[in-house]
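If you're wondering where the values come from, they're calculated on a predicted model, not measured in any experiment. What you see below is based on every heavy atom in this structure, not just the backbone, and it leaves out hydrogens, waters and symmetry mates.
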Amino acid sequence: RATVRPGGTEACANGLDDDCDTLRDCADTACSSMCGVLEVLSGSGQSAAIHAPLGAPIRLRVTDGMGGPLMGRAVTLSTFGVSAPSYSLLTDALGEVSFAGMRAGYSLSPETITFSSFGVLDVTATVTATAPAAGTILSIFNGPRYNTPRGVPGPTYDAGTNAPIDAGLTGAADGTLYFPLGNRIYRLSPSGRLAPFVGSGAGFGPPLVDGADALSVAASWGGGTVLALDEPRNRLYFSRSCAIYYVDFASNQVHPYLNRTETSDFTGDGGLAVDARTYNVESMAVTASGVLFFSVSGSSAGPRRVRYIDTSGRVDSVIATGGGTPALYLGGFVGPVSTIPGSDDVLLTTPSCVIAGTSRACILRLDVAGNITHLAGGLGSATMDGIPATTASIGSVGPSLMLSTGEIIVNESGDHLLRRIDAMGNITTIAGTGVAGDTGDGGPALGARIQSVGAITAWRGTHIAFWQASARAVRGIW
């Protein structure tokens, strides 16, 4: 443009460097008398536990070039880390705004928050999320308990849903979480940003095409979705009705792994898994060496069973309902829900484990040969702590978890409790009062009420995250 030249006049509001001094609009000192100023008055530098409220609001002021207050100017907060009841406020008669009710972010590091207003330079403040006290329960996703899809992409605490997660929740060592909502699988990054990872949002379609871009597929799920994360091989396995696919992290492409035609049947043992057929996949767990165990629903074609796919891509069945030995056999099972560190065995939960003629809920260890070992579930009191897990009764067991420490987190969904089996084999309660509810965020998990706990996963090492269906939220225990 003819007006843009060395020695020209900076126009201050046209988005151009009119005088060619590398400074544009209000960044140029020539505009000091015309441009306003946005400044942080107080509240920067605060810290609070993950997703806990800040102790004070962050206050800002907008003034004109002469230092006078500018009333009615919109000031906008822009960040994916921290959360706030409102992300845009209007200045008052003093030119000030106060962002109250803000919460710390998800990442255990200083979060830079950017504030902007038209015609002035952006300013920043910092907030640091700290580790909560051991045993604290908190909300990770949908803290306000919205019952409508909202806030994606955006800060995970403020996102909402009206769709179930089912058994589909899995976590990486760095704090990343993956879970399905509606017609997509979402990724919660270590910084706290929730964004789509798999699925275009379209409804259920034909079998997925090998090599398709992960965000382009029609990924509506028939019969719920379960996930399994294989970090050493950079894969995320996910079920779609009676099939299993995986996303390759390097290419972000989807590939079929089991039953590529998505045909319901029981066939293929001993052959390639992509050519095998099965019924609805109900749970999955992948071992350190890459063996993928999964359970499938029963039908007239056969009983509910556990199958596995080895590292060469071949599938076989391990055990079926009614299988086992006279001393220990299964009347029904939830399926493989967690790997066992240092082995190719998996944790199996079942609501109907028959030991010495008595049926009870059990936690079992299962290997590829079909051998099962009793780990927990007996005839003691359901809430008695400090006793051997093999003699303690566990009520209506749901998806459970073995941590890298070898400890087992038992999901007693029927008793609204989470319990831990320690390295000595003793069981203690770690969350819940035994009364159904949704309370206690920010306080001890033992004083919180939980209900309808579904999927459960390791979170940031030896902490845990779980899906609470009754609240449509992901909660965590530090």
Inset, instruction - Provide the closest heavy-atom pair for T176 versus P190 in the form atom of the first, atom of the second, distance. - result: OG1-CD, 3.2 Å
Legend entry - Atom of L70, atom of T91 and distance for their closest heavy-atom approach: O-OG1, 2.6 Å
Report all side-chain donor-acceptor pairs from residues 126-140 shorter than 3.5 Å, counting only partners two or more places apart or in another chain.
residue : atom : partner : partner atom : Å
T130    : OG1  : A48     : O            : 3.3
T130    : OG1  : A49     : N            : 3.4
T136    : OG1  : A133    : O            : 2.7
S139    : OG   : R145    : NH1          : 2.8
S139    : OG   : R145    : NH2          : 3.2
S139    : OG   : D441    : OD2          : 2.4

Inset, instruction - For the pair R475 and D438, find out whether any cationic side-chain nitrogen is under 4.0 Å from an anionic carboxylate oxygen. - result: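 Judged by the 4.0 Å cut-off on N to carboxylate O distance, R475 and D438 do form a salt bridge.
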Legend entry - salt_bridge(D385, R419) N-O dist < 4.0 Å: yes
Which residues share a side-chain hydrogen bond (donor to acceptor under 3.5 Å, both in side chains) with [X], sequence neighbours left out:
X    : result
E231 : none
T278 : R307
S107 : S109

Inset, instruction - On the 0 to 90° scale, with breaks at 30° and 60°, tag the F293-Y308 ring pair as parallel, tilted or perpendicular. - result: tilted
is_close_aromatic([X], [Y]), centroid dist under 6.0 Å:
X    : Y    : result
F294 : Y237 : no
F141 : Y157 : no
Y87  : F99  : no
Y257 : Y246 : yes

Legend entry - Heavy-atom side-chain proximity of I363 to L348 below 4.5 angstrom: no
Legend entry - Heavy-atom side-chain proximity of I430 to I464 below 4.5 angstrom: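 I430 reaches I464 side chain to side chain.
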Legend entry - Qualifying residues under salt bridge (charged side-chain N to carboxylate O under 4.0 Å, His left out), relative to R365, sequence neighbours excluded: D345
Legend entry - Those residues that, when tested against H416, pass ring-ring contact (aromatic ring centres under 6.0 Å, His included) (two or more places apart):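 So H416 forms no ring-ring contact (aromatic ring centres under 6.0 Å, His included) with any residue.
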